[in-house]
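Report on one structure; see the data block that follows.
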Amino acid sequence: MPPLVTWLEEVRPKRAEVLRYLGHRGQELTDELDARIDAAISRCAELARPRACLDSFDVAERTRTADGVPRIVLEGCALTLDGESIAAHLEQAQAVGIMAVTLGAEIDRELRRLSMTDPLGQLIFDAAATATIECMADEAEIDLANMALKRGLFTTARFSPGYGDLPLECQSTLLAVLETERYLGLTLMPSLLMVPTKSVTAIVGFVERLYADVQLGCSACNLREDCYASKDAATCKRS
């Protein structure tokens with residue numbers, strides 16, 4: 001069966017989230033900058049075409065690769081999930097939900113336009129778009145939770161390719177399974193960068209009962225060397 005394709009309702013991000021992506025540390029903002037942030041959020045809402053592809057697959061097998069790495073095999077799905085961290089995260093999962101969410105190509109076009117005309121505006125708009133796609137991912141996560149609920153199951157928190165030791169390379173198969181090029185216009189560059197760039201992919205477990213999600217911490221993240229948050233003794237986790 002094809003994946004569930006859905007248009008997401010507009011959800012505007014909190015200003016605090018936009019400021020976080022701007023690296024704000026509590027310093028006073030000018031009235032002009034305040035107004036520019038509000039304008040960027042509104043412009044992002046105007047241009048965004050948020051859509052998602054969703055699907056779920058039963059866990060068929062838990063095995064190990066030739067190198068001894070834990071592997072989760074999904075029923076009727078080419079996607080396999082390798083790594084200690086994803087195995088721990090999905091330890092109690094009967095099934096796995098996967099999703100891809102994008103704001104659409106107009107956001108990238110606006111970013112390119114601003115890069116040539118208004119570098120500060122580009123920075124602010126980029127933060128607004130990043131906060132917006134995270135809001136949209138939250139909405140898609142609710143849709144996956146409803147899919148699980150129909151089976152009498154609950155969902156874990158979402159977990160994205162590249163987090164922990166889950167290889168970023170699995171992104172290619174995840175997008176292929178969801179047919180995102182066909183349904184969302186979402187593709188993957190050889191560099192593993194998604195286009196449109198304001199897009200999110202994620203995995204959640206469908207479990208019989210709620211339990212404390214595995215918190216890996218920054219030391220387990222493949223992006224820790226270049227993370228803006230950890231350099232400030234913070235974390236990218238919002239909860």
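Worth saying up front: this structure is predicted, and the values here are computed from it rather than measured.
The minimum heavy-atom distance linking Pro167 with Pro161 is given by the pair O-CB, 4.1 Å. Here the closest non-hydrogen pair linking Gly205 and Ala93 is CA-CB, 4.0 Å. Considering every non-hydrogen atom in both Val5 and Cys53, the closest pair reads CG2-SG, 3.8 Å. Annotation for Glu179 and Pro2: closest pair OE2-CA, 4.4 Å, computed over non-hydrogen atoms. Residues Ala131 and Pro13 approach most closely at CB-CB, 3.6 Å, considering heavy atoms. Across Ser85 and Asp165, no two heavy atoms sit closer than the pair OG-OD1, 2.5 Å.
Atom CD of Glu181 is surrounded by 12 or fewer heavy atoms from other residues, nucleotides or ligands within 6.0 Å.
Note that CZ of Arg49 and CD of Glu46 are 8.0 Å apart. Values are rounded to the nearest 0.5 Å. Remark: Thr156 OG1 to Phe206 CZ distance equals 9.0 Å, nearest 0.5 Å. Atom-to-atom distance recorded for Tyr183:OH and Thr6:OG1 is 13.5 Å, nearest 0.5 angstrom. A distance of 12.0 Å separates CG of Leu8 from OG1 of Thr132, quoted to the nearest 0.5 Å. Rounded to the nearest 0.5 Å, atoms CG (Asp82) and SG (Cys170) are 8.0 Å apart. Of the inter-residue distances, the one linking Thr102 atom OG1 with Ile107 atom CD1 reads 9.0 Å to the nearest 0.5 angstrom.
Panel note: side chain Ser172, backbone Glu169; no donor-acceptor pair is recorded below 3.5 Å. Here the side chain of Gln27 pairs a donor or acceptor atom with the backbone of Arg25 at under 3.5 angstrom. With hydrogens and angles disregarded, no donor-acceptor distance shorter than 3.5 Å links the side chain of Arg209 to the backbone of Val207. Under the 3.5 Å distance criterion, the side-chain polar atoms of Thr180 are matched with a main-chain donor or acceptor of Leu186.
Ionic pairing of Glu110 and Arg43 is present here: one or more N-O contacts between side-chain nitrogen and carboxylate oxygen are shorter than 4.0 angstrom. Ion pairing of Asp58 with Arg151 is present here, as a side-chain N (NZ or NE/NH1/NH2) and a carboxylate O approach within less than 4.0 Å. The pair Asp126-Lys198 counts as a salt bridge, with a side-chain nitrogen and a carboxylate oxygen less than 4.0 angstrom apart.
The shortest distance between side-chain heavy atoms of Pro119 and Leu114 does not fall below 4.5 Å. Side chains of Leu188 and Leu193 form no contact here, defined as non-hydrogen atoms less than 4.5 Å apart. Val96 has its side chain out of reach of Ser56: every pair of non-hydrogen atoms, C-beta onward, lies at least 4.5 Å apart. You'll find the side chain of Val59 stays beyond 4.5 Å of the side chain of Glu75, heavy atoms only. Between Ile41 and Val18 the shortest side-chain heavy-atom distance falls below 4.5 Å. Looking only at side-chain heavy atoms (C-beta outward), Ile203 and Leu81 come within less than 4.5 Å of each other. Side-chain atoms of Ile37 and Leu19, non-hydrogen and from C-beta on, do get closer than 4.5 Å to each other. Using a 4.5 Å heavy-atom threshold, the side chains of Leu166 and Phe159 count as touching.
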TODO: Begin from the C-alpha positions of Asp55 and Leu178 and carry the test side-chain contact (heavy atoms from CB on, under 4.5 Å) through to its verdict.
DONE: CA-CA 7 Å; Asp55 213 337; Leu178 290 174; 3.8 Å; yes

- [ ] Please report the C-alpha distance between Leu120 and Ile124 in whole Å, then the side-chain angles of each, then the deciding distance to 0.1 Å, and finally whether the side-chain contact (heavy atoms from CB on, under 4.5 Å) criterion is met.
- [x] CA-CA 6 Å; Leu120 176 59; Ile124 297 171; 4.0 Å; yes

- [ ] Begin from the C-alpha positions of Met136 and Leu103 and carry the test side-chain contact (heavy atoms from CB on, under 4.5 Å) through to its verdict.
- [x] CA-CA 8 Å; Met136 296 299 101; Leu103 295 185; 3.7 Å; yes

Task: CA sep, side-chain torsions, deciding dist, call: Gln92, Glu208, side chain to side chain donor-acceptor pair (under 3.5 Å) - done: CA-CA 8 Å; Gln92 301 182 41; Glu208 284 190 342; over 6 Å; no

- [ ] Report the C-alpha distance between Glu141 and Thr155 in whole Å, list the side-chain angles of each, state the deciding distance to 0.1 Å, and finish with yes or no for side chain to side chain donor-acceptor pair (under 3.5 Å).
- [x] CA-CA 9 Å; Glu141 191 176 342; Thr155 52; 5.5 Å; no

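Applying the side-chain contact (heavy atoms from CB on, under 4.5 Å) test between Pro70 and each of Glu84, Glu91, Arg62 identifies Glu84 as the sole match. When each of Lys14, Arg158, Arg20 is checked for a salt bridge (charged side-chain N to carboxylate O under 4.0 Å, His left out) with Glu134, only Arg158 meets the rule. When each of Arg112, Arg113, Arg36 is checked for a salt bridge (charged side-chain N to carboxylate O under 4.0 Å, His left out) with Asp118, only Arg36 meets the rule.
Connection of Leu184 to Met194 is established within a shared hydrophobic cluster, with ILVMFWY side chains joined at heavy-atom distances below 4.5 Å, either directly or through further cluster members. Under the 4.5 Å side-chain heavy-atom criterion for grouping Ile, Leu, Val, Met, Phe, Trp and Tyr, Leu123 is connected to Leu29 within one hydrophobic cluster. Cluster annotation: Leu149 and Leu54 are assigned to distinct hydrophobic clusters (Ile/Leu/Val/Met/Phe/Trp/Tyr, side-chain heavy-atom contacts under 4.5 Å, transitive). Residues Trp7 and Val101 do not share a hydrophobic cluster, defined by chaining ILVMFWY side chains whose heavy atoms lie under 4.5 Å apart. Neither Met99 nor Leu175 shares a network with the other; the hydrophobic side chains, linked directly or stepwise wherever heavy atoms of I, L, V, M, F, W or Y lie under 4.5 Å apart, form separate groups for each.
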